[in-house]
There are 2 protein chains.
Amino acid sequence: MKIEILNSNEKRSLQKEVIAKVRTLINEKNLEPGDKLPSERMLSEKFEVTRSTIREAIQKLEFYGLLKSIPQSGTFVANIGVIAMNGMIDDILRLEVPNFKSLVETRILLELKTARLASLRRTDEDLIKMKEALDAYSKKVLNNEIAVQEDLLFHLAIARACGNSTMNTFMLIITPEIITNFKKYHVCDDQLAYSAINEHKQIYNAIKEQNPQLAKQKMKEHFKELYRYCYNVNEI
Amino acid sequence: MKIEILNSNEKRSLQKEVIAKVRTLINEKNLEPGDKLPSERMLSEKFEVTRSTIREAIQKLEFYGLLKSIPQSGTFVANIGVIAMNGMIDDILRLEVPNFKSLVETRILLELKTARLASLRRTDEDLIKMKEALDAYSKKVLNNEIAVQEDLLFHLAIARACGNSTMNTFMLIITPEIITNFKKYHVCDDQLAYSAINEHKQIYNAIKEQNPQLAKQKMKEHFKELYRYCYNVNEI
DNA sequence: TTTCAATAATTGGTTAACCACTTAGAATTC
DNA sequence: GAATTCTAAGTGGTTAACCAATTATTGAAA
């Protein structure tokens, strides 16, 4: 067993090495769905890393649905097949940290859909929550305060009302990074904020009236400026 | 300090309790972005749970970008503001496990976009990978073998070529669950698999020829059957 | 009083030992 | 010989002690 004193970058690349080795092991031993991997202790000895490192690598592969740990029993190959496993690990290993453009592009895609779905599926309770978020936003903007948070809460209220928990989860994942980047690149100045009040109201009304086409259309208009802006941002 | 012996359900609900308590604490102490939370040891004593439980709750909030742990220093409120923090924790606590319908709906949304973007951004190397996946799929189907894995690898090859790492990540997250559900509900019988060969080829050609409209259109047709099927599945 | 070096306390992260549980196989019984 | 019980080894998970780095405190020097 090796002692490891690493910074976060070294740690990440070590984890990638371990994941690659796990894949090699699965291939060499011809492990199929349901088969058991060697124990964490054995793997840590075989790969000459600490058990913690093994555990974190396994947890990452578990997050992506490729492995399944069962307490007091073992870690098993998930029910998805060796070929898909190999392809997916390839992809996971080469995944890059998302850049701003990629985040915004994905956000717009999701929001056009959640607006449409929300207009079809929203409950009365959803509507109340959206109205609260809408008013909180208007109030702050009219008070000349920064309202990036209230802005995004309105959008998250729509995501919640869309009746699709996967999209809701994805919106939650990208929102904090969007906020951070908005602050970094100074998106959302006063001018945009003022006009956004009316845009929000129109989106809200379309969802209230259960008009999916209109909801999507109004969301699209709302993003028009943002979209243009983000494609001009030069990242470092 | 309490000893905890819990199954996975109890563990999850305990974690939710801890997350809710962290939110309460942030509100009561009026912590703002950049402020430091009490140490893990203090929190574990205050909330009467083990330090592991605290760490896992913090890691979850870190995953959603709400907190940031810095080694040998402390855990800090992320740069997103108290209001957004409260709203997001609300959402995180009420997040449901995604059902099949929600997964398919999201998949189709993502794939129509990745096909379009891939046709605009694919490199020659991307094209080669797609062709390999395409051929592997055809070969298996014509051999009357189940080819669910090869099918999804073709779609993942498109996702990789779309030049958007966020969408690529999201595709990777939902793919294993899609595969599992496909097997569970016996989607993709022989009939569908045969016609899918040509549909895949048409999608591939559209991306090769860099025709975004056509790529999206062909992907839409490819999903037509699947879409209809999934909306008829009665989940437990 | 101010400055700055030395030191003590505190931090998140790591690890070796431990835990409850599972599992496989030996031992026992019929 | 087959079925069942018992035992011991092995499993992922948990935890208390430990680690290096940071931060706060002290106190002497200027």
Side-chain angles (χ1 to χ4, degrees), chain A residues 1-15 17-19 21-22 25-26 29 31 34-79, chain B residues 1-15 17-19 21-22 25-26 29 31 34-79:
Chain A
M1 182 110 55
K2 231 173 170 177
I3 303 285
E4 296 163 8
I5 302 173
L6 305 171
N7 65 34
S8 61
N9 278 338
E10 293 168 331
K11 203 173 144 186
R12 202 172 315 140
S13 87
L14 179 62
Q15 193 188 77
E17 275 180 46
V18 172
I19 289 176
K21 283 177 182 170
V22 168
L25 182 138
I26 289 174
K29 294 207 173 185
L31 297 185
D35 286 352
K36 190 158 89 170
L37 260 66
S39 72
E40 295 177 352
R41 289 167 182 82
M42 286 181 63
L43 289 177
S44 85
E45 217 167 299
K46 189 176 168 73
F47 298 160
E48 292 184 324
V49 296
T50 63
R51 202 180 141 199
S52 309
T53 309
I54 297 286
R55 279 180 66 79
E56 279 166 32
I58 287 175
Q59 274 162 21
K60 181 150 190 178
L61 292 176
E62 214 175 342
F63 173 79
Y64 283 105
L66 302 181
L67 297 179
K68 176 72 186 160
S69 280
I70 296 177
Q72 284 83 45
S73 180
T75 302
F76 299 84
V77 178
N79 189 27
Chain B
M1 179 113 55
K2 230 175 172 178
I3 304 285
E4 294 164 9
I5 303 173
L6 304 171
N7 65 34
S8 62
N9 278 337
E10 291 168 333
K11 203 173 146 187
R12 202 172 315 140
S13 86
L14 179 62
Q15 192 188 79
E17 275 180 47
V18 171
I19 289 177
K21 282 178 182 170
V22 168
L25 181 139
I26 290 174
K29 295 206 171 184
L31 297 184
D35 286 352
K36 190 160 91 170
L37 260 65
S39 72
E40 296 177 352
R41 288 167 183 81
M42 286 181 65
L43 290 177
S44 84
E45 216 168 302
K46 190 176 168 71
F47 298 160
E48 293 184 321
V49 294
T50 63
R51 201 182 143 200
S52 309
T53 308
I54 296 287
R55 280 180 66 78
E56 279 166 32
I58 287 175
Q59 275 163 21
K60 181 150 191 177
L61 292 176
E62 215 174 342
F63 173 79
Y64 284 104
L66 302 180
L67 297 178
K68 174 74 186 159
S69 279
I70 296 178
Q72 284 82 45
S73 180
T75 302
F76 300 84
V77 177
N79 189 27

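Letters A, B, ... are given to chains in the order of the sequence lines, protein chains preceding strands, and every chain is numbered from 1. Note that the coordinates shown come from a computational prediction; the quantities given were computed from them, not determined experimentally.
Atom-to-atom, CD of B:Glu56 to C1' of D:dT14 comes out at 10 Å; the value is rounded to the nearest Å. Taking atom CZ on B:Phe76 and atom C1' on C:dT10, their separation rounds to 12 Å, with Å as the unit.
Applying the ring pair (Phe, Tyr, Trp, His ring centres under 6.0 Å) test to A:Phe63 and every residue at least two apart in sequence or in another chain returns B:Phe63.
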Legend entry - Annotated protein contacts, base or backbone, on nucleotides 7-13 of chain D with a non-hydrogen cut-off under 4.0 Å, one of B, S, - each: ---BBBB
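In this structure the side chain of B:Ser44 never reaches within 4.5 angstrom of the side chain of B:Thr50, judged on heavy atoms. Residues B:Leu25 and B:Lys46 form a side-chain contact, since some pair of their non-hydrogen atoms from C-beta on lies under 4.5 Å apart.
Rounding to the nearest 0.5 Å gives a distance of 9.5 Å between CD of A:Glu40 and OG of A:Ser52.
When the shell of 6.0 Å around NZ of A:Lys68 is examined, it contains 12 or fewer heavy atoms from other residues, nucleotides or ligands.
For A:Ser52, a side-chain nitrogen or oxygen approaches OP1 or OP2 of C:dT15 to under 4.0 Å.
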